[in-house]
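Structure first, commentary second.
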Amino acid sequence: WGTDMALGLILMAGAQIYAGIKAGKAQRDQALQYRIAAVRQRLKAESDARMIEDQGLRFQANQAAGFVKSGVALDSGSPLAVLMDTAINVEKNAKKTRLTGDWTAEGYDAGASVYEKMASNSVMSGFTSAAGTFLTGAKDAQGDYSESKAMKTPSVGYTHKWNEGAGQA
């Protein structure tokens, strides 16, 4: 078992470890992008919901101004019901926007979790492959050693030529 073989095994194992680490880094980077997308989605949903609420308040103020301009009292009857319906619809739309954003963000978070697990598995796989390379190399080296030892050891029943004629007169 030569130095070349040992060096080859070390290089091969090192390459396997490096490949696992590199793949793990790429997958962690992808997970980070998913985490960032989730945060952005939540922020956008919150911003959109606030815009819906602001627009709803302006619309409701315009409704109230229209009723007052017409001389209709706002504290009872149909005008009050209309203003309450507007407020309820605005609240529902804002809540729906937040929920939809949160569900989308949860999808990104789930994707990030998958990539994080894949990264961990890739790194572990690199080290496992390297260990397998060393074990296979050791097994092959042991086999080479056994073969070379068997070639040097005389087999049972071996006799030298000079001893064949002994005892004959």
Side-chain angles (χ1 to χ4, degrees), residues 3-142:
T3 308
D4 290 343
M5 184 176 214
L7 183 58
L9 284 175
I10 290 169
L11 289 174
M12 190 181 308
Q16 291 166 331
I17 291 170
Y18 176 75
I21 290 171
K22 188 173 180 177
K25 183 187 179 318
Q27 290 159 338
R28 276 191 303 283
D29 290 347
Q30 189 64 42
L32 178 61
Q33 293 304 313
Y34 272 71
R35 295 284 182 208
I36 290 169
V39 169
R40 286 183 177 160
Q41 183 61 43
R42 286 186 176 98
L43 290 173
K44 182 180 179 333
E46 183 59 32
S47 174
D48 291 350
R50 287 184 182 196
M51 188 171 60
I52 289 169
E53 291 168 341
D54 290 345
Q55 290 172 345
L57 287 173
R58 281 194 299 279
F59 182 73
Q60 199 174 24
N62 287 336
Q63 282 179 319
F67 289 134
V68 169
K69 193 175 189 181
S70 300
V72 178
L74 298 177
D75 58 351
S76 65
S78 295
L80 183 59
V82 169
L83 291 173
M84 286 176 52
D85 282 345
T86 299
I88 289 169
N89 287 332
V90 167
E91 185 181 330
K92 282 181 185 178
N93 287 338
K95 185 175 183 176
K96 180 180 172 185
T97 299
R98 284 184 179 100
L99 284 174
T100 300
D102 197 44
W103 290 336
T104 303
E106 285 177 13
Y108 286 123
D109 284 336
S113 294
V114 168
Y115 275 106
E116 288 163 352
K117 187 66 176 170
M118 287 171 60
S120 174
N121 290 343
S122 291
V123 172
M124 184 58 70
S125 176
F127 281 99
T128 302
S129 294
T133 297
F134 279 123
L135 291 174
T136 301
K139 177 182 158 281
D140 291 347
Q142 202 272 327

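FYI, side chains are in, hydrogens and waters are out, and symmetry mates aren't considered; it's all heavy atoms of this structure. Throughout, numbering of the chain's residues begins at 1 and tracks the sequence.
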ask   = Which residue pairs pass the side-chain hydrogen bond (donor to acceptor under 3.5 Å, both in side chains) test when at least one of the two sits in residues 123-133, sequence neighbours left out?
value = Gln16-Thr133
key: ring pair (Phe, Tyr, Trp, His ring centres under 6.0 Å) involving Phe67 - partner list, sequence neighbours excluded   = none
Non-hydrogen side-chain atoms of Val90 and Leu57 separated by less than 4.5 Å = no
query = Taking only residues at least two apart or on different chains, which pairs with a member in residues 113-132 satisfy salt bridge (charged side-chain N to carboxylate O under 4.0 Å, His left out)?
reply = Arg35-Glu116
Pair Arg42 + Asp109: basic N to acidic O under 4.0 Å = yes
key: Atom of Pro79, atom of Val72 and distance for their closest heavy-atom approach   = CG-CG1, 3.1 Å
request  = Not counting sequence neighbours, which residues clear side-chain hydrogen bond (donor to acceptor under 3.5 Å, both in side chains) with Asp48? List them please.
outcome  = Lys44
message = Taking side-chain hydrogen bond (donor to acceptor under 3.5 Å, both in side chains) as the cut-off, I'd like each qualifying pair that reaches into residues 51-65, sequence neighbours left out, listed once.
response = Glu53-Arg98, Gln63-Thr86
inquiry  = Rounded to the nearest 0.5 Å, what separates atom CD in Glu91 from atom CD1 in Ile88?
reply    = 7.5 Å
inquiry  = Working to the nearest 0.5 angstrom, can you tell me the gap between Met12 CE and Leu7 CG?
reply    = 11.0 Å
query = Which pairs count as side-chain hydrogen bond (donor to acceptor under 3.5 Å, both in side chains) when at least one residue sits in residues 19-28, sequence neighbours excluded?
reply = Lys25-Asp29, Gln27-Ser122
remark   = CE (Met84) and CG (Asn89) are apart, to the nearest 0.5 Å, by 12.0 Å
All pairs passing ring pair (Phe, Tyr, Trp, His ring centres under 6.0 Å) where residues 110-129 contributes a residue, at least two apart = Tyr34-Tyr115
inquiry  = Which heavy atom of Ala45 sits nearest to which heavy atom of Gly101, and what is that distance?
reply    = CB-CA, 3.5 Å
ask   = Can you name the salt bridge (charged side-chain N to carboxylate O under 4.0 Å, His left out) partners of Asp85, sequence neighbours left out?
value = none
Residues that Lys96 engages under salt bridge (charged side-chain N to carboxylate O under 4.0 Å, His left out), provided they are two or more places apart = none
inquiry  = Please find the pair of heavy atoms, one from Thr97 and one from Ala49, that lie closest to each other, and give the distance.
reply    = CG2-N, 3.9 Å
N-O pairing of Arg50 and Glu46 below 4.0 Å = yes
query = How would you list, by chain and number, every residue that makes a salt bridge (charged side-chain N to carboxylate O under 4.0 Å, His left out) with Arg40, sequence neighbours excluded?
reply = none
